Structures are given as C-alpha cells and as structure tokens.
Amino acid sequence: TVALSGVRQGQRVLDLAAGTGDLSARFSGLVGPEGRVVFSDINASMLEQGRMRMVDRGLVGNIEYVQADAQHLPYPTDAFNCVTIGFGLRNVTDKDRALAEIFRILKPGGRLLVLEFSHPTNKPLKTAYDLFSFKVLPKIGKVVTQDEGSYRYLAESIRMHPDQETLKEMMETAGFERCEYFNLTGGIVAIHRGYKL
C-alpha cells in the first residue's frame, strides 16, 4: 500500500481507520518534517492506543490524531495528497458516502488506497478460505480469546464486503479515475487505488 501510494516529502496524508498505526508510521517517514500525517480512527480508545504506540516509537513531529467518521470528514475540499484506509472500509455503514467524502477532501492529483480483505479469485482457494473463515477461525477465537462472536463477525463482514470489481465501480461512481486493484494472496486481500484528476 505504501509503495503504491506515491507519497513524497512535504505531502499531506490522511490514514483512516488507522488502528495500530502501521501505515501512519511508514507515511510519517516518507512525508518528512515538512509533511503531515493525520492518524484517524472513529474509535476513541483505538485512537489513543495508536497514539501511544506512535509516541513509543518516537514518531511525534509530523503526526496528528483525529477521531473522525469516514462518512463525515472534518476537512475542507482539496486538503490531502493521499488518503488510505486499511482493513476499515468493510466496517463503514455507507461506503458510497465515505468514498464521496474521501474524493472531496483529496487534492487534484491525489489518490485513495484501500487495503482490505476481499474475495479469492479461484474456486478451490475460495472453498478453503470459506471453510477456514466460518468453521475454524471462530473456534480459534473461542479458545484463544473466549470471543467466538468477534471472529464470526470478521468472517461475515469480509463476505459482505464488495468484491474487487464492485469496489472498483463504486470508486469510479464517486469520481475516481484510473481505478485499479492488486490482488494479494489470491484475492484474499486486495489493494484498490484511484485518483482524483
């Protein structure tokens, strides 16, 4: 995702659903002291955990922390060079609205990168993945964390998320151009990229 972003020194990046901050940390180094990374999450406790993790890693100069909903972004039009959302879009209630908001706040030439669980591209892998996701993963969750329900939700949210072509079309409908996607691990995960031209 970082390699596909094209982020450079001095740019502004919004990392939505930043979670533990893996993408934000990488972008912090790329944009340098003249750039800015906004580490954002809708969940206040996750945002605080991420902030503590960034501070522990010594990343304090060019990162700011904002609790925000991807469907209602508190930024003016044309504010960012790049927006990323890693493993968070599937949890957004109104994906079309979120994509429209992201498009609005991107500068011309800016790009969106969506890193998300997706749909396997071949039938044997899909069958094995579904078996693992719905039968094995919840049992692991029950044994390891005593929380079978959260792991069942994870599998269900992945199944309900749009497939690669559908998400690409949704991005195009929101106004993004030159949309493309890159399948990882046979489509279990995909990276979508689109530009505001």
Side-chain angles (χ1 to χ4, degrees), residues 1-2 13-28 37-60 63-74 83-99 101-102 113-164 166-167 170 181-192:
T1 302
V2 173
V13 177
L14 172 61
D15 185 13
L16 291 168
T20 57
D22 294 330
L23 292 175
S24 292
R26 296 285 302 277
F27 286 126
S28 173
V37 175
V38 176
F39 181 115
S40 177
D41 204 289
I42 195 170
N43 182 307
S45 60
M46 194 60 150
L47 188 67
E48 180 59 20
Q49 288 294 316
R51 187 192 67 74
M52 290 189 304
R53 189 169 184 234
M54 295 297 103
V55 169
D56 287 347
R57 294 173 72 177
L59 301 170
V60 294
I63 299 179
E64 67 181 85
Y65 303 89
V66 176
Q67 185 177 2
D69 180 344
Q71 300 165 118
H72 309 282
L73 294 170
V83 176
T84 61
I85 183 165
F87 301 107
L89 186 61
R90 76 180 182 285
N91 297 316
V92 173
T93 305
D94 188 342
K95 293 170 184 54
D96 292 318
R97 172 145 182 126
L99 291 170
E101 272 291 274
I102 293 167
L113 287 108
V114 178
L115 171 64
E116 189 58 82
F117 291 110
S118 200
H119 296 259
T121 54
N122 76 45
K123 195 160 182 73
L125 180 58
K126 181 179 182 347
T127 302
Y129 182 61
D130 283 349
L131 178 66
F132 175 78
S133 297
F134 287 97
K135 301 293 185 193
V136 178
L137 188 61
K139 300 300 181 207
I140 292 171
K142 184 177 181 178
V143 171
V144 175
T145 66
Q146 289 74 51
D147 187 6
E148 184 175 357
S150 291
Y151 288 84
R152 188 169 308 287
Y153 166 77
L154 174 63
E156 290 168 357
S157 71
I158 293 168
R159 168 79 57 84
M160 297 299 295
H161 187 68
D163 66 20
Q164 290 89 322
T166 303
L167 182 54
M170 290 169 69
Y181 59 86
F182 307 87
N183 284 320
L184 308 174
T185 320
I188 290 174
V189 172
I191 302 170
H192 282 71

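We number each residue from 1, following the sequence as shown. Fair warning: this is a prediction, and the values are worked out from it, not measured in the lab.
- Judged purely by distance below 3.5 Å, without hydrogens or angles, the side chains of Tyr153 and Asp147 never pair a donor atom with an acceptor atom.
- Within the 4.5 Å cutoff, side-chain heavy atoms of Ile102 are placed close to those of Leu73.
- Arg152 and Glu148 are joined by a salt bridge, as a carboxylate oxygen and a charged side-chain nitrogen come within less than 4.0 angstrom of each other.
- No side-chain heavy atom of Thr20 sits less than 4.5 Å from a side-chain heavy atom of Gln49.
- The closest side-chain heavy-atom distance from Thr1 to Leu23 is below 4.5 Å.
- Expressed to the nearest 0.5 Å, how far OG of Ser118 lies from CG of Leu167 amounts to 7.5 Å.
- By the salt bridge (charged side-chain N to carboxylate O under 4.0 Å, His left out) test, Asp69 pairs with no residue at all, sequence neighbours left out.
- Ion pair Arg159/Asp130 flagged as a salt bridge, since at least one NZ, NE, NH1 or NH2 atom sits closer than 4.0 Å to an Asp/Glu carboxylate oxygen.
- With sequence neighbours left out, Phe87 forms a side chain to side chain contact (heavy atoms under 4.5 Å, CB included) with Arg90, Leu115, Glu116, Phe117, Val189.
- Looking at heavy atoms from C-beta onward, Val13 lies out of side-chain contact with Val83 at the 4.5 angstrom threshold.
- No donor-acceptor pair under 3.5 Å is formed between the side chain of Gln71 and the backbone N or O of Arg97.
- One side chain, Asn183 or Gln164, offers a donor N or O that lies under 3.5 Å from an acceptor on the other.
- Proximity of Lys126 to His119: side-chain heavy atoms (C-beta onward) are nowhere separated by under 4.5 Å.
- Ser28 contributes atom OG, which lies 11.5 Å from atom CG of Asp15 (distance to the nearest 0.5 angstrom).
- Partners of Arg26 according to the salt bridge (charged side-chain N to carboxylate O under 4.0 Å, His left out) rule, which considers only residues two or more places apart in sequence or in another chain, do not exist here.
- For the atom pair CZ of Arg57 and CE of Met54, the computed distance is 5.0 Å after rounding to the nearest 0.5 Å.
- Of the possible donor and acceptor atoms, none in the side chain of Thr166 sits under 3.5 Å from a partner among the backbone N and O of Pro162.
- Residue His161 holds its NE2 atom at 5.0 Å from CG of Leu89, rounded to the nearest 0.5 Å.
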